[in-house]
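Report on the following structure.
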Amino acid sequence: MIIVRYGEIAVKGGKRREFERKLAGNIEKALKRRGIEGRAEVIKGRILVDAPDNASEIIAKVPGVVSVSPAKVMPYEEVPKYLKEALKGLTPRSFKVETQRLDKTFLKTSVEVNKEIGAFVVKEFGWKVDLENPELTIGIEIINGKAYVFFEKIRGVGGLPVGTQGKVVVLLSGGIDSPVAAFLMLKRGAEVIAVHFDQGKNARKVVEKVVEILNDYSPEPIELIVENHFEILKPYVIALNKLNRREWTCVVCKVAMLRRAAEIAKENGALGIVTGDSLGQVASQTLTNLYFETMSVDFPVHRPLLGFDKEEIVSIARKIKTYDAFLEYPYCDCPFRPERVVTQGKLEEFEKIRAELKKEGVI
Ligand code: ATP
Ligand code: MG
């Protein structure tokens, strides 16, 4: 039996039941996709999953899950006998017993259980008790009159169950940042549709791999929509060339992507566009440019990494493994990038460009 703990959703008041059901359903889906049949049952404050122990790692990646423990279930009286066997041969420097009584009808308190089982272990094995920093923690949760005994707590990704917050379109570039932005949205419970503008280069392979990796955090496989970058950008580039304003290419390129993404979002019932922009990270991601880009699309654009440092982003990318996909293919630069990229453009100039784009029927 696997004990699943969830935090945030427990405090969500009226929404709680819906959240719990969603989380249990998402856990079952995640297991099923990997050929594991497991039933997830919502009980007060926990989800119990009847699945083999190796399902724990899969469950830990389901957004909404705070921690996971593979446990053995038994009547409370049998705990000493079980521990005598289970702990045989171990030689921890110290230990403690940590009990939680979810079932308040159980006659002993958690403190009483800690003392009773702790005393048994000391007598049986002679180990030292350390409540602060024990090498081994014997976890006991009392659920429906039974004792669930476990020795590890695998950390989950936390957040909210996917499917409780609606849908977003995430622009995946093949770089390090946008996969992290996608992960953060999944973690906060949003369903994700991935959109990539293909330049016929390695980036597409990275994105395909990234989607595969991100699927670990999504109950349904993520849909990847691939658009032809050249086709989308062409009319914009023609208009810019007419004005002899090639340094605006990067800003205008993002405008083109966002506008196409907005169409896709509307077609798919998504309520926002998400990018991996981080303020000032590269010359093109200035507040001025983000202003122009956002003002050119009639749709909400979210940038969950705006306040993150590169190291913070890389560290998440490593943890969730999307960094591996990036490393697998060499980086390729955009063929349209001009020698000089505008960073602090003037509003009047941008308005001129917009007017030209409108005149040409591009926007
Ligand atoms: P990333 O690491 O995600 O590539 P970046 O720092 O390289 O980000 P840019 O290349 O300036 O940033 O792009 C900013 C954002 O625009 C990206 O995070 C991504 O969301 C989106 N984007 C850029 N290029 C593409 C593309 N070819 N297809 C889809 N989205 C893109
Ligand atoms: Mg990039």
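Atoms within a ligand are numbered from 1 in the order they appear, just like the ligands themselves. In what follows, every heavy atom counts, from backbone to side chain, and hydrogens, waters and symmetry copies are set aside.
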>> If we count only N and O atoms by modelled type, under 3.5 Å, do the side chains of Tyr236 and Glu360 hold a donor and an acceptor together?
In response: no
> Just checking, is any N or O donor in the side chain of Arg101 or Ser110 under 3.5 Å from an acceptor N or O on the other one?
Replying inline: no
When the side chains of residues 265-272 are checked against the rest of the protein, which donor-acceptor pairs come out under 3.5 Å, sequence neighbours left out?
residue : atom : partner : partner atom : Å
Asn268  : ND2  : Ile264  : O            : 2.8

> If only atom types and distance count, is the side chain of Asp177 paired as donor or acceptor with the main-chain N or O of Ser278 below 3.5 Å?
Replying inline: no
>> Suppose we call two aromatic rings close when their centres sit under 6.0 Å apart. Are Phe350 and Tyr291 close by that rule?
In response: no
>> Can you tell me how the ring of Phe125 sits relative to the ring of Trp127, calling it parallel under 30°, perpendicular over 60° and tilted otherwise?
In response: parallel
> Can you say whether the rings of Tyr76 and Phe106 are parallel (under 30°), tilted (30 to 60°) or perpendicular (over 60°)?
Replying inline: perpendicular
> Using a heavy-atom cut-off of under 4.0 Å, does the side chain or the backbone of Val170 touch ligand 1, or both, or neither?
Replying inline: neither
> Which is it for Gln199 and ligand 1 at heavy atoms under 4.0 Å: side chain, backbone, both or neither?
Replying inline: neither
>> Could you work out, for atom 25 (C) of ligand 1, the closest of Cys253, Ser173, Ser178 by heavy-atom distance?
In response: Ser173
> Among Gln285, Arg260, Glu293, Lys201, whose heavy atom sits nearest atom 12 (O) of ligand 1?
Replying inline: Gln285
Consider every N or O of [X] and every N or O of ligand 1, then say whether any pair is closer than 3.5 Å.
X: Gly276; value: yes
X: Ile176; value: yes
X: Gly174; value: no
X: Lys254; value: yes

For ligand 1, which atoms, with element, lie under 4.0 Å from some heavy atom of [X]?
X: Gly175; value: 1 (P), 2 (O), 4 (O)
X: Val195; value: 29 (C)
X: Thr275; value: 20 (O)

>> According to side chain to side chain contact (heavy atoms under 4.5 Å, CB included), who are the partners of Asp50, at least two apart in sequence or on a separate chain?
In response: Met1
>> Between ligand 1 and His229, can you find any atom pair, the residue atom being a heavy atom, that is separated by under 4.0 Å?
In response: no
